[in-house]
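Written out below as structure tokens is the structure these notes cover.
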Protein chains: 2
Amino acid sequence: MPRRSVAEARDTHAAIVARAVDLASVEGLEGLTIGRLAGETQMSKAGVIGHFGNKEELQLQALRAANAVFRREVWDPNAQRKPGLPRLLAICDDWIGYLERRVFPGGCFITAASCEFDGRPGRVREAVRESVLTWRRVLEDDVSAARAAGDLPKRTDPALVAFQISAIALATNQGIQLLGDERAPATARAALRDLLGRRR
Amino acid sequence: MPRRSVAEARDTHAAIVARAVDLASVEGLEGLTIGRLAGETQMSKAGVIGHFGNKEELQLQALRAANAVFRREVWDPNAQRKPGLPRLLAICDDWIGYLERRVFPGGCFITAASCEFDGRPGRVREAVRESVLTWRRVLEDDVSAARAAGDLPKRTDPALVAFQISAIALATNQGIQLLGDERAPATARAALRDLLGRRR
DNA sequence: CCTACCGATCGGTAGG
DNA sequence: CCTACCGATCGGTAGG
């Protein structure tokens, strides 16, 4: 095989990462193996690992790619809107939609990675932690803006509401993926109305 | 080594399962390996696997043992009380306490197993699903009793409230295990008050 | 419950 | 980006 150009190598790299994300969403980031990834991308193991150096770096890049997917699905559609309750409601709706559409074959990638790495130290765990914390802060800031605008009561605790919204998303993911509960998205939307709607 | 008596074999079996539960709570039920389990119980691999036949059966028994721990920690202390809001509040409090005390070193076993197996078919997945569903029904029944007793509003949807309580537990587990948020149990209790307390 | 062993696969390296 | 290879470990079996 001839050496590839820089552009071709970049495409190959991206293709490997994309496949790694789908595989890891089902098998887990630890269950992801270089051999299987090589088989599915029609490459040699050495060809695959050469793009990353080691498995941990592959895991980190898969996680980064998954974060980008989440951002694209849930954040980007609402990024232009001004912070506050209307945007928060839209974000929540897109979040449930993202889970409902099964964007990752194995369910929410970040949730799976959270459960898998919450008991083991290392760079992957810290990266997952940052993803979750960043997203919590986004929610919290919109809750704060909503409260300041008078769309949520003065007594509203933004960190608590961000926790409650995350909680609903975790349970929705479990409802869809594990329980096969087709009503889970509707239940989630009812819970969100209960949380954000009734106090307006 | 001499053959052991039936009683001794049973003790050995129980010791292996107990060790398997702790290991799997950190490494996952798939990450659990017979070789490592053998090392930690000072046995040969053949000695370990002889008790189960294959790895799937070991996983199922570890899951059953974890279910028993959860039941002991959260259900048993309240089993004698009559269904209704006071018992439901006590169950929720024991549930948060169970997470707070880190009964399993890697966090809630059933939650971890749920994330790990929600994307792969098989007996383990079905067993996890049954655990979660059974527990949801327990919550739902107490919500129904509380509503019938007039302790929750007539419009209360028991399945929705069971979903919301599960959601809080999932987020609490993530807060404690992944985020290292020491306020997570307090936040969870606030969320439960918000859910079950304010409407009385 | 052990020793000894099986084929398969793991993450990764050397060298081109 | 490949072939060829490394030592380690996987789940599991045979036989005692």
Side-chain angles (χ1 to χ4, degrees), chain A residues 1-21 23-24 26-63 113 116-117 120-125, chain B residues 1-21 23-24 26-63 113 116-117 120-125:
Chain A
M1 275 279 186
R3 285 249 161 67
R4 310 300 176 85
S5 72
V6 171
E8 282 171 332
R10 201 165 43 203
D11 287 353
T12 304
H13 186 107
I16 297 170
V17 172
R19 196 76 204 91
V21 168
L23 269 175
V26 175
E27 317 276 358
L29 275 167
E30 209 59 51
L32 179 66
T33 73
I34 295 157
R36 178 143 180 220
L37 200 47
E40 303 212 4
T41 52
Q42 317 248 57
M43 291 175 67
S44 66
K45 287 204 301 170
V48 169
I49 203 63
H51 279 278
F52 306 95
N54 56 47
K55 184 173 173 177
E56 188 184 47
E57 187 57 35
L58 167 63
Q59 292 173 322
L60 286 166
Q61 294 197 26
L63 181 61
E116 189 176 5
F117 283 87
R120 7 179 156 192
R123 296 170 65 201
V124 179
R125 179 219 165 91
Chain B
M1 277 277 188
R3 286 251 161 64
R4 310 303 175 81
S5 71
V6 172
E8 283 171 328
R10 202 165 40 203
D11 287 351
T12 304
H13 186 107
I16 296 170
V17 171
R19 196 76 203 91
V21 168
L23 269 175
V26 175
E27 317 276 356
L29 275 166
E30 209 59 52
L32 179 66
T33 72
I34 295 156
R36 176 140 182 224
L37 199 47
E40 302 213 5
T41 53
Q42 317 248 53
M43 292 175 66
S44 65
K45 287 203 301 172
V48 168
I49 202 65
H51 280 278
F52 306 95
N54 55 48
K55 184 173 174 178
E56 187 184 48
E57 186 58 34
L58 166 64
Q59 292 173 321
L60 286 165
Q61 294 197 26
L63 181 62
E116 190 177 2
F117 283 87
R120 8 179 154 195
R123 294 171 66 205
V124 178
R125 178 219 165 90

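Predicted model, so just to flag it, every value in this text is computed and none were measured. Numbers restart at 1 for each chain; the letters A, B, ... are given by sequence-line order, proteins then strands.
- With D/dG11, C/dC2, D/dC1 as the candidates, the nucleotide lying closest to the side chain of B/M43 is C/dC2.
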Legend entry - B/F52/B/L60 under side chain to side chain contact (heavy atoms under 4.5 Å, CB included): CA gap, chis, key distance, verdict: CA-CA 10 Å; B/F52 306 95; B/L60 286 165; over 6 Å; no
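- Note: CD (A/Q42) to P (D/dC2) measures 10 Å, nearest angstrom.
- Under the rule for a side chain to side chain contact (heavy atoms under 4.5 Å, CB included), the partners of A/I49 that lie at least two apart in sequence or sit in another chain are A/I34.
- A donor-acceptor pair under 3.5 Å links the side-chain atoms of B/E116 to the main chain of B/E30, judged by distance alone.
- Near DNA chain D, meaning a heavy atom under 4.0 Å away, the residues from residues 45-58 of chain B are B/K45, B/A46, B/I49, B/N54, B/K55.
- To the nearest angstrom, P of C/dT9 lies 15 Å from CD of B/E30.
- Inter-axis angle, ends of the helix from C/dC1-D/dG16 to C/dG16-D/dC1, five pairs per end, rounded to 10 degrees: 0°.
- Note: CG (A/L32) to C1' (C/dT9) measures 14 Å, nearest angstrom.
- A/R125 is linked by a side chain to side chain contact (heavy atoms under 4.5 Å, CB included) to A/F117, B/L178, counting only residues two or more places apart in sequence or in another chain.
- Going from atom CD1 of A/I34 over to atom C1' of D/dC1 covers 15 Å, rounded to whole Å.
- With sequence neighbours excluded, the residues that form a side chain to side chain contact (heavy atoms under 4.5 Å, CB included) with B/A24 are B/L29, B/L32, B/F109.
- Checked against side chain to side chain donor-acceptor pair (under 3.5 Å), B/E40 has the following partners two or more places apart in sequence or in another chain: B/R19, B/R36.
- Residues B/H51 and B/Q61 have side chains that never bring a donor and an acceptor to within less than 3.5 angstrom of each other.
- More than 12 heavy atoms of other residues, nucleotides or ligands sit less than 6.0 Å from atom CZ of B/R120.
- A/T33 has a side-chain polar atom (N or O) that falls below the 4.0 Å cut-off from OP1 or OP2 of C/dC10.
- If you take CD of A/Q59 and C1' of C/dG11, they are 11 Å apart, rounded to a whole angstrom.
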